[in-house]
Number of protein chains: 2
Amino acid sequence: MLNEFDIFKDFLRHHHLRWTPQRKLILEVFIEQQGHIVIEDLHKKIHSQDPTIGIATLYRTMKLLVDAGLADMHTFNERTTYERLYKVRHHDHLICKVCGRTIEFEHPLIEKYQLEVCERHGFTLRSHRMELFGICNECRK
Amino acid sequence: MLNEFDIFKDFLRHHHLRWTPQRKLILEVFIEQQGHIVIEDLHKKIHSQDPTIGIATLYRTMKLLVDAGLADMHTFNERTTYERLYKVRHHDHLICKVCGRTIEFEHPLIEKYQLEVCERHGFTLRSHRMELFGICNECRK
DNA sequence: CCCCTTATTGATAACGAATATCAATATAAT
DNA sequence: ATTATATTGATATTCGTTATCAATAAGGGG
């Protein structure tokens with residue numbers, strides 16, 4: 001089975017783009033993260049391994065990773081975060097409106113009824129996004 | 001039953017804030033909108049009724065409406081949108097990735113399971129967004 | 001292996017949405 | 001009416017993200 005590096009390389013080749021040391025390092029750092037990652041944190045970690053990589057390259061590469069289907073971009077509480085997609089089980093999000101904390105969850109019955117809705121409307125379902133906004137346990141205290 | 005104006009007035013009084021013609025107009029324009037509204041559109045509509053109202057006042061008032069529980073703020077595709085909360089039946093969206101057509105739907109069971117997920121995680125649910133992406137009947141032909 | 005075309009890079013300028021500042025004005029309690 | 005203070009609009013400022021650009025690197029063809 002292909003790993004993320006091969007997928008990204010294929011994506012680049014297919015779009016006449018190039019495999020560079022900077023892209024390699026950014027992907028390396030990205031895939032070892034868990035959950036949602038803020039650009040700022042990603043930049044810190046990358047900077048500690050190679051201080052010459054500019055922030056613009058990081059933004060550009062993250063956009064490519066999204067296009068390649070390896071990352072997903074969200075905006076939570078005015079902060080852009082990236083999430084690893086590949087080989088990660090699909091899940092939805094609980095998002096605290098106060099502290100911005102996000103909790104991942106999955107619910108098979110919700111997925112089932114989504115399909116039901118699609119069938120009823122003659123839709124072929126490809127993907128979905130579900131975000132529940134509220135206030136978490138900690139912030140309600 | 002209280003309407004949105006009374007609720008907002010109460011909120012203002014309670015916080016030692018003032019009921020002004022600008023806030024009245026902004027609320028008027030806001031509650032006659034449907035779905036998610038971008039600040040830009042709101043500003044246009046308000047400007048056409050009163051060109052003297054500044055953009056800062058609009059931002060300030062929208063924040064108050066959120067605090068008062070009358071509006072909900074989301075960031076979707078890097079755009080901040082406001083959604084009317086009070087007395088509006090919630091619905092979700094089917095979005096065709098080919099033609100962009102959107103179909104609104106609601107499914108009580110999905111809502112029920114959302115609540116279940118929230119309870120399980122100690123979350124107080126305030127709002128949610130569910131978008132199903134796919135291909136519609138017309139575009140599949 | 002070397003060319004040569006073209007993608008990529010880092011630095012930095014530019015952009016734009018949102019917020020802070022501030023003097024003038026409006027509100028509402030007294 | 002008076003007075004304290006919230007509000008306003010204009011504008012400056014902030015800050016995350018993007019565009020620009022000259023120098024550099026990648027990688028396909030010979």
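Naming: A, B, ... by sequence-line order, numbering from 1 per chain. Worth saying up front: this structure is predicted, and the values here are computed from it rather than measured.
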task = Write down the distance between NE2 (A:H74) and P (D:dT17), rounded to a whole number of angstrom.
result = 15 Å

ask   = Hey, is the side chain of A:Y59 poking within less than 4.0 Å of OP1 or OP2 on D:dT18, counting only N and O atoms?
value = no

Short side-chain N/O contact to D:dA25 OP1/OP2 from A:Q22, under 4.0 Å = no

ask   = For C:dA7, does OP1 or OP2 lie under 4.0 Å from any side-chain N or O of A:R60?
value = no

task = Grab the CG-C1' distance between A:L12 and D:dG27 for me, whole Å please.
result = 13 Å

note = Taking for B:H16 and for B:I55 the nucleotide of DNA chain D with the nearest heavy atom, the one nearer the 5' end belongs to B:H16

ask   = Separation of A:W19 atom CH2 from D:dG28 atom P, in whole Å?
value = 15 Å

key: Rounded distance (Å) that lies between atom C1' of C:dA11 and atom CG of A:L58   = 15 Å

Distance-only donor-acceptor test (3.5 Å): side chain A:R13, base D:dG27 = no

key: A:R79 side chain near D:dG16 phosphate (N/O to OP1/OP2, under 4.0 Å)   = no

message = If the threshold is 4.0 Å, N to carboxylate O, is there a salt bridge linking A:E32 and A:K45?
response = no

query = Quick one: is C:dT19 close enough that its OP1 or OP2 comes under 4.0 Å of any side-chain N or O from B:K63?
reply = yes

request  = Please check the phosphate of D:dT17 (OP1 and OP2 only) for any side-chain N or O of A:T80 closer than 4.0 Å.
outcome  = yes

ask   = How long is the line joining CG of B:D50 and P of D:dT8, in whole Å?
value = 11 Å

message = Whole angstroms only, please: what is the CG-C1' distance between B:L25 and D:dG9?
response = 15 Å

request  = Can you label the angle between the A:Y113 ring and the B:H107 ring as parallel, tilted or perpendicular, going by 30° and 60°?
outcome  = tilted

query = If you measure from CG on B:L17 to NE2 on B:H14, what distance do you get to the nearest 0.5 Å?
reply = 11.0 Å

key: A:E40 CD to D:dC15 P, straight-line distance once rounded to whole Å   = 12 Å

note = Result for 5'-nearest mapping on DNA chain D, choosing between A:T20 and B:I53, is B:I53

ask   = Out of D:dA6, C:dG10, C:dA20, which has the shortest distance to the side chain of B:A56?
value = C:dA20

key: Parallel, tilted or perpendicular: rings of B:F105 and A:H121 (30°, 60°)   = tilted

key: Side chain of A:R18 (C-beta onward), nearest among C:dT5, C:dT27, C:dT9   = C:dT5

remark   = In this structure, CG of B:L58 is separated from NE2 of B:H43 (nearest 0.5 Å) by 6.5 Å

query = Separation of A:K24 atom NZ from D:dG27 atom P, in whole Å?
reply = 13 Å

